[in-house]
Amino acid sequence: MKIVREWLEELLDVSSYSDEEIASALTKAGTEVGSYAPLSTATGIVVGKILTCDKVEDSDHLHLLSVDVGEEKPRQIVCGAPNARAGLVTAVALPGAKLPGGKTIKSGAVHGILSDGMCCSTLELGLEEKYADDCDLTGIHEFDPSSVKIGEDAVKALGLDSTVFDLEVLSNRGDLLSYEGVARELSSDLGLPYEEKEAAAPEGKEPLVQPASTTEKCSSFLLITAEGLKNKESPAWLRSRLVASGIRPIDAIVDIGNYAMLLTGQPLNMYDLGALKGNDLTAVDDYEGKFVTMDGKERDLIKGDVVISSGGVPACLAGIMTSLEASVGPKTTRVAVEAASFAGADIRRTSLRLGLASESSLRFSKGIDPAVSRRTLAIVAALLKSICGAADVSKVACYGAKDEKKVEIPFSVERINARLGTSFSSERIIEALKRDHLIVKEENGSLVAVVPSYRKDLLEEADLSEEAIRLIGIEEIKSVLPHTVLPYAPGRSLQKKKQDAVRRYLTHLGLDETITYSLVSPKLSAYEVLLPKKEDVKPVNPLTVDHSIMRQDVLPSLLQVASYNAAHGENDLSFFETSKVYGEGYSDLRLSIVLTGKRPGQGMIASRDWSFYDLKGYLEGILFLLGINEQRVRLAALSDHPLFHPGRSAYLALGKERIAVFGELHPSLVRAFALPKPALGLELDLGALLALKGNAAKAVVPPSFPSVRRDLSIVYETEVVSSEAVMAIKRSSSFIERVEPFDVYQGEDGKRVAYALFLRKKDGTLVEGEIEEAVKKALAALERLGGKLRQ
Amino acid sequence: MEIEEIKAAALEELLKASDSREVLEVKNKYLAKKGPFAALYKELGKLPPEEKGPFGKAINDARNEVSLALEAKLKEALASEEKERLLKEKIDVTLPGTSLAEGHTNPFYLIVDEIIDIFVSMGYDVVEGEDVETVPYNFSLLNIPEDHPSRDPSDTFYLKGDGVLRTQTSAAQGHEMQRHEGKGAIKLISPGKCYRRDEDDLTHSHQFGQVEGLVVDKGVSLAELKGTLEIFVKKMFGEKREIRFRSSYFPFTEPSVEVDVSCASCGGKGCPMCKGSGWIEILGAGEVHPNVLRMNGYDPSIYSGFAFGVGIDRVAILRYGIDDIRRIYSNDKRFLSAFKEEK
């Protein structure tokens with residue numbers, strides 16, 4: 001809501017308050033003032049009259065003007081505006097004048113001729129194009145010579161000098177969508193007296209049409225009719241007030257309606273009486289069919305939309321827009337003026353469905369105060385007489401208007417203080433409520449606040465506590481800390497702590513943590529990574545296809561991130577993300593990792609390609625971190641997953657459940673995402689791991705006897721997986737405590753693996769014979785698998 | 001005497017020895033089993049008993065003197081040789097170390113983690129809700145009227161049935177109050193992802209993060225909310241920042257306030273960052289609306305509470321001077337490189 005100070009001052013005497021004080025008072029009390037500035041910040045602009053206008057030789061558009069700006073002698077100005085002519089009264093920027101863009105006007109030569117100033121349009125003075133006249137759009141401003149004095153401040157004469165406050169009205173304060181509402185609110189904020197201006201209701205004959213309603217969505221419908229009108233351009237003062245308030249002037253009749261709406265908040269609708277089909281205006285909600293609004297567009301109306309019809313023909317989409325046919329135009333001489341009250345929710349619904357909003361629908365949506373309908377019509381009647389010369393204005397005809405019972409809220413000062421955590425005196429709280437224009441009375445020994453009809457947001461005591469504190473000032477509350485102390489507050493849950501530990505672990509290892517969108521495209525969603533896809537969770541009203549399905553795997557999002565980075569020249573990548581994923585009826589906490597290109601070098605250690613074992617190492621690290629030992633999970637090769645390299649990928653299972661898939665990505669996927677090579681990925685059901693109880697720590701007595709290491713280098717002719725060989729060695733002798741493969745060579749002639757065997761006896765030092773015996777047994781076990789001691 | 005000559009010769013040779021090898025040669029020559037001192041001991045056996053004593057002592061003294069001198073010289077030589085060897089092993093200490101570089105954390109998490117730490121230190125529990133919510137928990141149980149604009153399908157992602165992608169972490173309020181069955185104190189924060197049907201642009205994102213805070217107990221007042229948020233804002237944005245409370249409106253709180261913090265880039269004088277006002281809006285809060293308590297099983301005549309909601313992305317944008325909210329979700333490595341956990 002835009003409020004121009006000049007108009008506001010007519011309703012409330014704020015002459016002793018600066019713009020800043022007004023903005024700050026409104027803001028603190030809940031109506032944030034986004035900005036405040038005059039419509040035009042131009043200085044040094046005066047009203048001037050063109051005395052002579054001659055074409056400049058050698059130019060197709062320039063004129064040499066002699067302009068009277070109220071000084072002793074006229075000024076010589078070169079001007080290119082097509083509408084420059086002798087006798088025109090316009091705005092003149094004198095040398096030294098400053099324009100809103102920061103431009104300063106100087107005397108200087110134009111086309112070789114001295115120009116001592118510049119003639120301006122309102123656009124040059126800072127007005128938005130939508131508010132400009134035709135002459136301002138193409139040339140210089142044209143004043144009505146009778147309304148201005150030569151030499152006076154042109155910005156002032158245009159009404160562009162007064163400060164405009166841009167208010168962000170809260171959605172429960174529809175009453176502030178009017179000048180009277182804002183004046184009243186400001187009077188509460190500043191503690192000033194405020195009185196509503198009376199307006200005498202017209203006392204003519206019965207109106208030419210009668211209001212009626214067949215729907216309860218219209219609770220009241222008041223109207224007047226007026227005849228003998230002359231529609232024309234509105235006077236400058238009215239136009240400038242509308243412009244300053246953000247409404248484009250159209251013609252006098254429409255402008256008067258908008259002006260009165262801005263003043264009281266009651267939306268009005270103007271009908272050309274000549275276009276109405278009957279002698280009624282009836283609110284109905286059962287119309288169905290085409291309807292052409294005054295902007296010339298055809299709309300499809302459905303049952304439930306509130307329509308005002310006349311003689312059974314729709315004339316207005318209630319509270320939103322008049323029909324093209326019934327709207328007023330230059331030739332209109334007779335009008336009907338509607339001031340009705342419609343159910344906000346219904347108006348809003350229709351407005352949303354049609355994508356058609358207006359100043360009127362905005363006000364109905366937020367709720368209007370029917371108590372002002374009659375007075376608003378009186379204001380309109382007076383303006384129609386004074387501006388359009390209306391000869392006959394009817395009295396007000398009325399359907400359904402009745403005095404609403406005022407809301408009364410019993411309250412206690414103690415309870416309000418308790419809610420606020422304050423100890424204000426009852427006088428102070430009552431004073432604030434009175435300042436807020438509530439009536440406070442005592443009934444049977446307890447206090448009752450009577451709420452004015454326009455404050456539809458005040459319903460119970462808690463609301464009064466807000467009114468009290470916003471007017472007393474939140475700064476008056478003495479801060480304290482909550483007295484509530486939980487007996488046991490572990491903060492983050494155990495699972496969240498473990499999740500955070502995993503995140504930190506991966507970050508410490510050098511991986512970057514990402515956050516990607518949960519809503520993904522059907523293309524991304526189609527990749528099935530960890531589990532067979534369940535039914536998708538997807539919005540019925542997505543905004544774009546790119547964000548239309550809740551993801552069931554995180555890896556595809558990370559592939560997209562890697563792809564994006566690769567496209568920006570970064571090939572050596574390592575990203576991870578933990579995120580919930582959703583399918584119909586389930587949610588999982590997932591961890592996903594993507595590695596591409598090279599593993600970064602460490603100081604002087606050269607970088608090298610990421611390998612399967614890097615990724616496996618991270619997974620093992622996570623299991624170790626969470627205290628889950630190898631025996632509790634099962635790892636095996638993954639040979640048939642379409643997204644992974646069939647020979648370089650694996651899965652991890654917990655019981656029968658597959659909880660992770662990882663490895664080198666399939667070349668087709670690498671190509672699809674244009675990923676740097678090699679590219680590896682992991683998708684882990686982290687939630688399943690976090691739910692496991694970690695192995696409890698238990699003290700051990702350090703072994704008393706030393707351990708002995710023996711190495712075995714084995715050549716294989718058959719295919720033997722490492723885990724199988726290690727297991728065979730371990731089982732071959734009770735002295736073998738630990739086995740580590742430490743050198744692997746895979747060549748044309750077979751595979752060579754070197755194993756380190758760590759042997760120990762619990763109850764004594766191993767002697768050479770025992771060691772030899774154990775190593776022999778290990779060798780025999782490996783020979784059974786097809787291995788031979790390397791010679 | 002012969003003894004004195006042998007000693008003098010040994011000491012002289014020792015004096016000439018220039019390194020540990022030569023010292024050892026001297027040692028071998030004089031103190032070995034077949035060396036000159038050994039020969040003297042053999043002669044000792046041939047002497048008459050009364051001469052054995054003085055002669056033996058003379059040999060021992062001489063041998064000891066030589067032996068001590070040898071050991072001293074050997075130690076000195078070894079030390080100087082080691083020093084020389086170590087100097088030859090010198091390396092360039094200015095070459096880079098072989099540390100493992102730490103990864104980077106998306107600023108979104110830096111902010112959530114910090115907010116969690118601040119409130120955990122004030123005794124709050126952390127409760128994570130679900131992104132997929134229902135209309136009652138996201139709206140109705142928060143006293144959001146049927147025709148409230150936030151419920152519009154143009155603003156909220158609806159799922160089939162009464163499902164909805166949560167538009168605010170306040171959805172946790174209903175779940176937690178109901179879990180407590182209308183009894184006892186609640187003091188929690190609930191961080192998480194939220195979704196609104198906004199076109200992604202410089203300042204809007206269809207996905208964003210929030211941290212909800214909720215305290216319910218007997219006698220929880222606006223003054224306690226004010227004290228809490230003052231601490232939070234100072235910890236989050238710095239002790240020097242000014243805080244302003246403005247009256248506001250949310251359907252689920254009454255009274256409602258909005259909290260502004262003085263603009264860091266201009267210090268409150270007004271700049272493009274704060275749109276000239278000197279203040280930047282950072283969170284909304286208020287006393288829990290009696291209807292919310294009532295609908296979720298708490299008796300508002302006994303219990304009261306406060307709630308607040310902080311936008312994670314917004315705080316990140318302000319804190320780190322991020323120019324475009326979409327950068328957070330782009331995960332551009334060059335962007336992420338600027339962020340790591342502050343220690």
Side-chain angles (χ1 to χ4, degrees), chain A residues 27-30 32 35 170-172 345 348 352 418-422 460 462-463 465-466 469-470 474 477-482 484-486 489 491-493 496 507-508 510-518 537 539-541 543 547 561 564-565 568 570 573 580 582 587 600 602-605, chain B residues 95-106 108-109 116 120 123-126 128 130-132 147 152-153 157-160 165 185 187 193 197 199 206-207 215 217 219-224 226-228 230 245-249 254-255 257 276 287 289-290 304 328-329 331-333 336:
Chain A
T27 299
K28 263 179 54 188
E32 195 180 355
S35 65
L170 293 172
S171 65
N172 64 335
R348 212 175 71 82
L352 272 176
R419 190 166 187 82
L420 299 175
T422 52
E460 57 183 301
D463 300 323
S465 71
E466 172 167 282
I469 197 59
R470 75 180 189 92
I474 302 171
I477 297 180
K478 216 171 143 241
S479 306
V480 292
L481 282 177
T484 303
V485 177
L486 299 181
R492 292 175 297 157
S493 67
K496 172 79 176 144
T507 309
H508 290 330
L511 279 69
D512 295 332
E513 185 174 18
T514 64
I515 180 166
T516 50
Y517 296 124
S518 310
V537 170
V540 295
N541 58 338
L543 197 57
H547 306 301
V561 169
Y564 170 91
N565 276 283
H568 289 81
E570 298 282 338
L573 305 167
K580 285 251 180 83
Y582 291 87
S587 73
Q602 297 166 40
M604 284 176 291
I605 300 172
Chain B
L95 281 171
T98 55
S99 68
L100 193 64
E102 191 156 339
H104 305 281
T105 304
N106 189 295
F108 181 92
Y109 301 113
I116 291 176
V120 165
Y124 284 70
D125 268 340
V126 183
E128 287 180 290
E130 296 287 343
D131 300 9
V132 173
D147 60 347
D152 285 343
F157 289 115
Y158 283 93
L159 309 172
K160 69 176 192 187
L165 293 184
K187 192 175 178 186
K193 294 170 189 166
R197 213 169 161 279
E199 296 267 9
H206 73 277
Q207 179 183 319
V215 176
D217 199 354
V220 176
S221 70
L222 196 62
E224 294 184 342
K226 196 180 166 197
T228 302
E230 279 168 353
F245 289 83
R246 272 185 294 119
S247 182
S248 191
Y249 167 68
E254 191 76 38
V257 295
E287 282 281 287
H289 197 287
S304 60
I328 295 175
Y329 298 91
N331 300 292
D332 187 317
K333 191 174 162 65
L336 290 182

What part of [X] gets within 4.5 angstrom of chain A, counting heavy atoms only: side chain, backbone, both, or neither?
X        : value
B:Ala185 : both
B:Glu254 : both
B:Glu128 : side chain
B:Tyr158 : both
B:Val220 : both

Under 4.5 Å heavy-atom distance to chain B, tell me which part of [X] shows up: side chain, backbone, both or neither.
X        : value
A:Pro482 : both
A:Val540 : both
A:Thr422 : neither

Flag for A:Glu466-B:Tyr249: side-chain donor and acceptor within less than 3.5 Å = no
Partner chain B: residue of [options] with the largest heavy-atom pair count (under 4.5 Å):
options                                : answer
A:Thr27, A:Ile469, A:Leu573, A:Ile605  : A:Thr27
A:Pro600, A:Gly491, A:Ala489, A:Gly421 : A:Gly491
A:Ser35, A:Ala29, A:Ser493, A:Gly510   : A:Gly510
A:Leu511, A:Asn172, A:Leu170           : A:Asn172
A:Ala345, A:Ala418, A:Gly30            : A:Gly30

[Y] backbone acceptor or donor facing [X] side chain under 3.5 Å:
X        : Y        : answer
B:Lys187 : A:Thr484 : yes
A:Asn565 : B:Lys333 : yes
B:Asp332 : A:Tyr564 : no
A:Arg492 : B:Val120 : no
B:Tyr109 : A:Glu513 : no
B:Lys193 : A:Lys580 : no
B:Gln207 : A:Ser518 : yes
A:Arg348 : B:Asp147 : yes
A:Asn541 : B:Pro153 : yes

In A:Thr507, A:Thr514, A:Asp512, the residue satisfying side chain to side chain contact (heavy atoms under 4.5 Å, CB included) with B:His104 is A:Asp512
Drop me the distance from [X]'s [atom1] to [Y]'s [atom2], to the nearest 0.5 angstrom.
X        : Y        : atom1 : atom2 : answer
A:Lys28  : B:Arg246 : NZ    : CZ    : 12.5 Å
B:His289 : A:Asp463 : NE2   : CG    : 5.0 Å
A:Lys478 : B:Lys226 : NZ    : NZ    : 10.5 Å
A:Glu570 : B:Leu336 : CD    : CG    : 10.5 Å
B:Ile328 : A:Ile515 : CD1   : CD1   : 8.5 Å
A:Tyr582 : B:Leu159 : OH    : CG    : 11.0 Å

### Any B:Pro255 side-chain heavy atom under 4.5 Å of A:Leu420 side chain
yes
Taking every heavy atom of A:Leu543 against every heavy atom of B:Glu199, the minimum-distance pair comes out as CD2-N, 3.5 Å
If you compare all heavy atoms of A:Leu486 against all heavy atoms of B:Gly123, which two are closest, and at what distance to 0.1 Å?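 Nearest pair, atom of A:Leu486 first, then B:Gly123: CD1-O, 4.0 Å.
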* **Ring geometry between B:Tyr329 and A:Tyr517 (parallel below 30°, tilted from 30 to 60°, perpendicular above 60°)** => parallel
One option among B:Val215, B:Asp152, B:Leu165 has the most heavy-atom pairs under 4.5 Å with chain A, and it is B:Asp152
Residue from B:Gly97, B:Ser248, B:Ala223, B:Pro290 scoring the most non-hydrogen pairs under 4.5 Å with chain A is B:Ala223
